[in-house]
Amino acid sequence: MTRVLFAVSAADHWTLQDGTRHPTGFWAEELVEPYTVFEQAGYDITVATPGGGTPVVDEASLEPGAAGGEDRVTALKASLEKLQPVLADAAILEDQRAEDFDLLFAPGGHGPMEDLAVDERFGELVRHFVEADKVVAMVCHAPAALLPAFGSGGRWLFEGYRLTSFTNVEEVQAGLADKAPWLLQDRLQEAGAIFSSADAWEPHVVVDRVLYTGQNPASSRPLAERVVAEVPARAAS
């Protein structure tokens with residue numbers, strides 16, 4: 001059975017440029033869709049958060065305009081209600097080891113910009129997955145969690161990798177770019193990534209070696225489905 005470490009931010013806010021706290025958490029679609037795909041594939045899923053705290057949903061992701069209509073909101077809320085016992089019983093992320101899993105996945109929302117992006121211990125965990133040739137998959141803002149991952153020589157682990165994330169254009173259209181302390185696309189490019197993007201809000205998945213990334217919420221299911229399709233082949237090779 002394929003074992004996935006489903007790493008979720010424990011942050012309930014994102015500290016903006018002026019020091020105010022913007023309420024956030026995980027983005028509903030980005031957690032629900034991949035979790036559902038992995039569950040239907042028969043994966044053994046371990047949800048873990050920094051400190052083992054219960055992650056919170058970004059309420060903005062349950063607004064009809066953001067989620068895709070009232071029916072979609074109803075479906076997402078039903079899925080989150082079903083998953084609540086799992087989220088409430090989240091494992092402690094700091095206690096997890098790469099050798100116990102086949103792949104690492106992280107959903108976005110602005111939460112990872114607050115905690116995982118500056119978590120050196122999580123960066124070390126990411127490095128262990130990569131060094132073991134195990135898939136690391138992240139969507140939307142979650143690739144912020146790649147930033148603290150460095151190789152043994154001190155270079156950023158993903159320098160020269162093709163990847164994607166929530167783009168500057170999307171952040172502008174979402175209304176937070178002028179308030180953000182930093183923009184994810186900028187930071188990834190500055191670190192040495194080869195950034196790839198599609199039109200705003202369109203699904204876009206990029207794979208480079210063991211790194212699988214998705215651009216935005218619409219990329220959540222395509223990203224998870226590609227992981228499910230390709231991880232068994234990787235494990236057999």
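Throughout, residue positions are numbered sequentially from 1 according to the sequence presented.
Under the side chain to side chain donor-acceptor pair (under 3.5 Å) criterion, T213 pairs with no residue at all, not counting sequence neighbours. Among residues two or more places apart in sequence or in another chain, the side chain to side chain donor-acceptor pair (under 3.5 Å) test is passed with D12 by none. Residues satisfying the side chain to side chain donor-acceptor pair (under 3.5 Å) criterion with D100, sequence neighbours excluded, are R97. Scored by the ring pair (Phe, Tyr, Trp, His ring centres under 6.0 Å) test, F38 finds Y43, F105 as partners (sequence neighbours excluded). Residues that satisfy the salt bridge (Lys or Arg N to Asp or Glu O under 4.0 Å) test with E225, not counting sequence neighbours, are R221.
Taken to the nearest 0.5 Å, the CD atom of E131 stands 6.0 Å off from the NE2 atom of H128. Note that OG1 of T20 is 10.5 Å distant from CH2 of W14, once rounded to the nearest 0.5 Å. In this structure, CG in L146 is found 8.5 Å from CG in L157, a value given to the nearest 0.5 Å. Atom OH in Y35 sits 12.0 Å away from atom CD in Q40 (nearest 0.5 Å).
Sorted pairs that involve residues 144-154 and meet side chain to side chain donor-acceptor pair (under 3.5 Å), not counting sequence neighbours, are lacking altogether. Pairs engaging residues 149-168 under the salt bridge (charged side-chain N to carboxylate O under 4.0 Å, His left out) rule: R155-E159 [sequence neighbours left out].
Under the 3.5 Å distance criterion, with hydrogens and angles disregarded, no donor-acceptor pair is assigned to the side chains of E39 and T36. In this structure, a donor-acceptor pair under 3.5 Å is present between the side chains of S9 and D115. For the residue pair H141 / E114, no side-chain donor-acceptor distance below 3.5 Å is found, with atom types taken as modelled.
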Name the atoms and distances for all side-chain donor-acceptor pairs under 3.5 Å in residues 189-207, with sequence neighbours left out.
unit_1, atom_1, unit_2, atom_2, d
S196, OG, H204, NE2, 2.9
W201, NE1, Q173, OE1, 2.6

Residues 174-186, side-chain donor-acceptor partners within the protein, below 3.5 Å, at least two apart:
unit_1, atom_1, unit_2, atom_2, d
Q185, OE1, N168, N, 2.9
D186, OD1, N168, ND2, 2.8

I'd like a table of donor-acceptor pairs (distance under 3.5 Å, sequence neighbours excluded) in which one partner is a side-chain atom from residues 116-125, with atom names and distances.
unit_1, atom_1, unit_2, atom_2, d
D119, OD1, R121, N, 3.1
D119, OD1, F122, N, 3.1
R121, NH2, E94, O, 3.4

Give the table of side-chain donor-acceptor pairs shorter than 3.5 Å for residues 71-79, with sequence neighbours excluded, one pair per line with atom names and distance.
unit_1, atom_1, unit_2, atom_2, d
R72, NH1, E33, OE2, 3.2
R72, NH2, E33, OE2, 2.7
T74, OG1, E70, O, 3.1
S79, OG, A75, O, 3.2

Donor-acceptor contacts under 3.5 Å from residues 22-32 side chains, at least two apart:
unit_1, atom_1, unit_2, atom_2, d
T24, OG1, D58, OD2, 3.0
T24, OG1, H110, N, 3.3
E30, OE1, G108, N, 2.8
E30, OE1, G109, N, 3.3

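Two residues are said to be in side-chain contact when any heavy atoms from C-beta on lie closer than 4.5 Å; F101 and K134 fail this criterion.
Here the closest non-hydrogen pair linking A60 and A66 is O-CB, 3.3 Å. Listed here is the closest heavy atom pair of A88 and T54: CA-OG1, 3.4 Å. Residues V126 and A145 come closest through the heavy atom pair CG2-O, 4.3 Å. Nearest heavy-atom pair, L104 versus M138, reported as atom, atom and distance to 0.1 Å: CD2-CE, 4.4 Å. Shown here for P217 and C140, the closest heavy-atom pair between the two residues is CD-SG, 3.7 Å. Closest approach of R209 and G160 over heavy atoms only: NH2-O, 3.5 Å.
The cluster map of Ile, Leu, Val, Met, Phe, Trp and Tyr, joined by side-chain heavy atoms under 4.5 Å apart, puts V57 and F166 in different clusters. Linking ILVMFWY side-chain heavy atoms closer than 4.5 Å, directly or via other members, places W156 and Y161 in a single hydrophobic cluster. If you chain together hydrophobic residues whose side chains sit under 4.5 Å apart, V86 and F6 fall into the same group. Grouping the Ile, Leu, Val, Met, Phe, Trp and Tyr side chains by contacts below 4.5 angstrom, directly or via other members, places L93 apart from V56. Using a 4.5 Å cut-off between side-chain heavy atoms of Ile, Leu, Val, Met, Phe, Trp and Tyr, with links allowed through other members, V37 and L87 fall into the same hydrophobic cluster.
Judged purely by atom type and a 3.5 angstrom limit, T49 uses its side chain to pair as donor or acceptor with the backbone of G53. The backbone N or O of S219 sits less than 3.5 Å from a side-chain atom of N216, completing a donor-acceptor pair.
The pair D44-R3 does not meet the salt-bridge criterion, since no charged nitrogen lies less than 4.0 angstrom from a carboxylate oxygen.
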